Amino acid sequence: MATRYPEGTSQPLPVNIDWRTVPPVSRYYAATPPRPSRTSLALAGLLFLLTLCTCLVAGAQFSVAFAHNESVSVDEFVRAFKLLYQHPAALLTGLPFAITLLTILLAHELGHFFACRHHHIRTSYPFFVPAPTLIGTFGAFILLRSPIRNTRALFDVGASGPFVGFLFAIPALIYGVMNARVVPGLADPANSDVVFGVPLILQILARVFHPNISVDFLLLHPVGRAAWVGLFATSLNLLPAGQLDGGHILRSLSARTHRLISTFLPALLLFLGFFRHWTGWYIWAALLFGLRFLRAAPIYDDTPLDPDRRFAAFLALLIFLLCFMPAPIINL
């Protein structure tokens, strides 16, 4: 006769059971993480609006330069910032650049955000970083509020952002190349205040749409320049070190290789900055060196990635190679 237990109680666990003989549970249930607070949403919204303003300024200078068949200049950049309080309506010319860039960055961060939601990882809303620079921003980021517990989640969170951002950037880059203007001598530092690097994906598209013209002579439409910024941000995020997106991807494949590359990559960036004359690599070398002293949360389930995710890791490497530029900005 079955033993009855009072309502609301459960049968006690057997004491002498051999748990190794119990088959593993195929599924588990985790509570859906709470959404970020309204204060966090308000802060994210405020930063987005400020970044929109700085990107409009950047876009206005790219628009003026494109209309005059010229590269951007530092003097025009300063004049564009004065428009914020002298003639704000004039900044509307920067909308194509600003909307394109913010869309790419937002798509990147939402890729991370929804990957975290899928794996029940608490996270903040995307925060944009406004900056009075030629491109109007230092990018965007989200904050993880709970640990990543297995390698599959680590890979998904790291790879989702670059994949989605890249997919949004390519159509904009194609549009920018198709509507580019031919300006001989554009890449000559003697004729331009700023010379932008040419990633591999841009070289490929230039040969497709302008087969008989040097890519160095192409002045991208502001929409294409916004895509260039998005691809540049993607390449930086895919650096395989620390807690960058590329670091998450590499760590999900091999924790040992991740530690090794995280140690030597700062030195490589210093070398690259010295020989390619872009001082930004010094900043990134210092940043990655500092990240080595931050403790990374342990991964409790290090089950190797499945074949589909390994193939996706190869695609992430391909995206990095298509976007990476040894000297992104020259003459600045």
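Note: hydrogens, waters and symmetry copies are ignored here, and every other heavy atom, side chains too, is used. Since the structure is predicted, the reported quantities are computational estimates derived from the model, not experimental observations.
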Among H248, R309, H118, H112, the one residue meeting side chain to side chain donor-acceptor pair (under 3.5 Å) with D156
R309
OG1 on T257 to CZ on R251, rounded to 0.5 Å:
13.0 Å
Show the nearest heavy-atom pair for residues W281 and L269, with the distance to one decimal.
CB-O, 3.4 Å
Looking only at atom types and distance, does a side-chain atom of S63 sit under 3.5 Å from a main-chain N or O of G59, one as donor and one as acceptor?
no
Would you call the rings of Y175 and H221 parallel, tilted or perpendicular, taking 30° and 60° as the class edges?
perpendicular
Tell me, do L218 and L186 make a side-chain contact under 4.5 Å, heavy atoms counted?
no
Enter the distance from S235:OG to D245:CG here, rounded to the nearest 0.5 Å.
11.5 Å
Side chains of L50 and F128: closer than 4.5 Å at any heavy-atom pair?
no
Between L95 and I104, is there shared hydrophobic-cluster membership here, with clusters defined by ILVMFWY side-chain heavy atoms closer than 4.5 Å?
no
Let me confirm one number: the CZ-CG distance from F264 to L268, rounded to the nearest 0.5 Å.
11.5 Å
Check whether any side-chain heavy atom of F163 sits under 4.5 Å from a side-chain heavy atom of L315, and report yes or no.
yes
Spacing of CD1 belonging to I201 relative to CD1 belonging to I174, to within rounding of 0.5 Å:
7.5 Å
Looking at every non-hydrogen atom in both residues, tell me the closest pair between L219 and A65 and how far apart they are.
CD2-O, 4.0 Å
Quick one: do R310 and L253 satisfy side-chain contact (heavy atoms from CB on, under 4.5 Å)? Show the steps, please.
CA-CA 8 Å; R310 288 182 173 274; L253 291 167; 4.0 Å; yes
Taking Q61 for the side chain and L134 for the main chain, is one N or O donor matched with an acceptor at less than 3.5 Å?
yes
Decide, yes or no, whether a salt bridge links R152 with D306 under the criterion of side-chain N to carboxylate O below 4.0 Å.
no
Beyond-backbone contact of F320 with L239, side-chain heavy atoms, under 4.5 angstrom:
yes
Let me check something: do F66 and V64 share a hydrophobic cluster, defined by ILVMFWY side-chain heavy atoms less than 4.5 Å apart, either directly or through other members?
no
Contact between F217 and V183 at the side-chain level, heavy atoms closer than 4.5 Å - yes or no?
no
Looking only at heavy atoms, what is the nearest atom pair of F232 and W278, with distance?
CZ-CH2, 3.6 Å
Stepwise side-chain contact (heavy atoms from CB on, under 4.5 Å) check, L238 with F324
CA-CA 9 Å; L238 282 175; F324 183 76; over 6 Å; no
Heavy-atom check, side chain of F196 versus side chain of I329, under 4.5 Å:
yes
Hey, quick one: are V223 and W228 part of the same hydrophobic cluster, counting side-chain heavy atoms closer than 4.5 Å, chains of contacts allowed?
no
Checking V164 against L110 for the side-chain contact (heavy atoms from CB on, under 4.5 Å) test, could you report, in this order, the C-alpha distance in whole Å, the side-chain angles of both residues, the deciding distance, and whether it holds?
CA-CA 8 Å; V164 177; L110 288 180; over 6 Å; no
If you measure from CG on L173 to CE on M178, what distance do you get to the nearest 0.5 Å?
12.0 Å
Treating T151 as the side-chain partner and D302 as the backbone partner, does any N or O pair qualify as donor plus acceptor under 3.5 Å?
no
With no hydrogens and no angle check, is any side-chain donor or acceptor of H258 less than 3.5 Å from a backbone partner on A241?
no
Answer yes or no: is there a donor N or O on one side and an acceptor on the other, between the side chain of T54 and the main chain of G136, under 3.5 Å?
yes
Just so I know, are the side chains of F114 and S160 near enough to count as touching, which here means a heavy-atom distance under 4.5 Å?
no
If I take atom SG from residue C55 and atom CD1 from residue I135, how far apart are they, to the nearest 0.5 angstrom?
8.0 Å
G176 and L220 have their tightest heavy-atom pair at O-CD2, 3.9 Å
When you group the ILVMFWY residues by side-chain heavy-atom contacts below 4.5 Å and let the links chain together, are I283 and F289 in the same group?
no
Compare all side-chain heavy atoms of L322 with those of L231 and state whether any distance is below 4.5 angstrom.
no
Working note: W284 + L272, criterion side-chain contact (heavy atoms from CB on, under 4.5 Å); need CA distance, chi angles, decisive distance, verdict.
CA-CA 11 Å; W284 277 90; L272 194 60; over 6 Å; no
Flag, side chain of T263 to backbone of R259, donor-acceptor distance under 3.5 Å:
yes
Name each donor-acceptor pair under 3.5 Å that joins a side chain in residues 208-216 to protein atoms two or more places apart or in another chain, with its distance.
{"unit_1": "H210", "atom_1": "NE2", "unit_2": "V177", "atom_2": "O", "d": "2.7"}
{"unit_1": "S214", "atom_1": "OG", "unit_2": "D216", "atom_2": "N", "d": "3.2"}

Kindly check if the number of other-residue, nucleotide or ligand heavy atoms within 6.0 Å of CZ (F168) is above 12?
no
Hphob cluster co-occupancy, F271 + L287, side-chain heavy atoms under 4.5 angstrom:
no
Looking at R207, I want to see if its CZ is surrounded by more than 12 non-hydrogen atoms of other residues, nucleotides or ligands under 6.0 Å.
no
Please report the shortest heavy-atom distance between L154 and S252, naming the atom on each side.
CD2-N, 3.7 Å
Kindly indicate, with the supporting measurements, whether the criterion side-chain hydrogen bond (donor to acceptor under 3.5 Å, both in side chains) is fulfilled by N150 and H119.
CA-CA 10 Å; N150 60 73; H119 288 284; 5.0 Å; no
Of L49, L47, V57, T137, the residue whose pairing with P130 passes side chain to side chain contact (heavy atoms under 4.5 Å, CB included):
L47
Distance-minimising heavy-atom pair for E109 and A140:
OE2-O, 3.0 Å
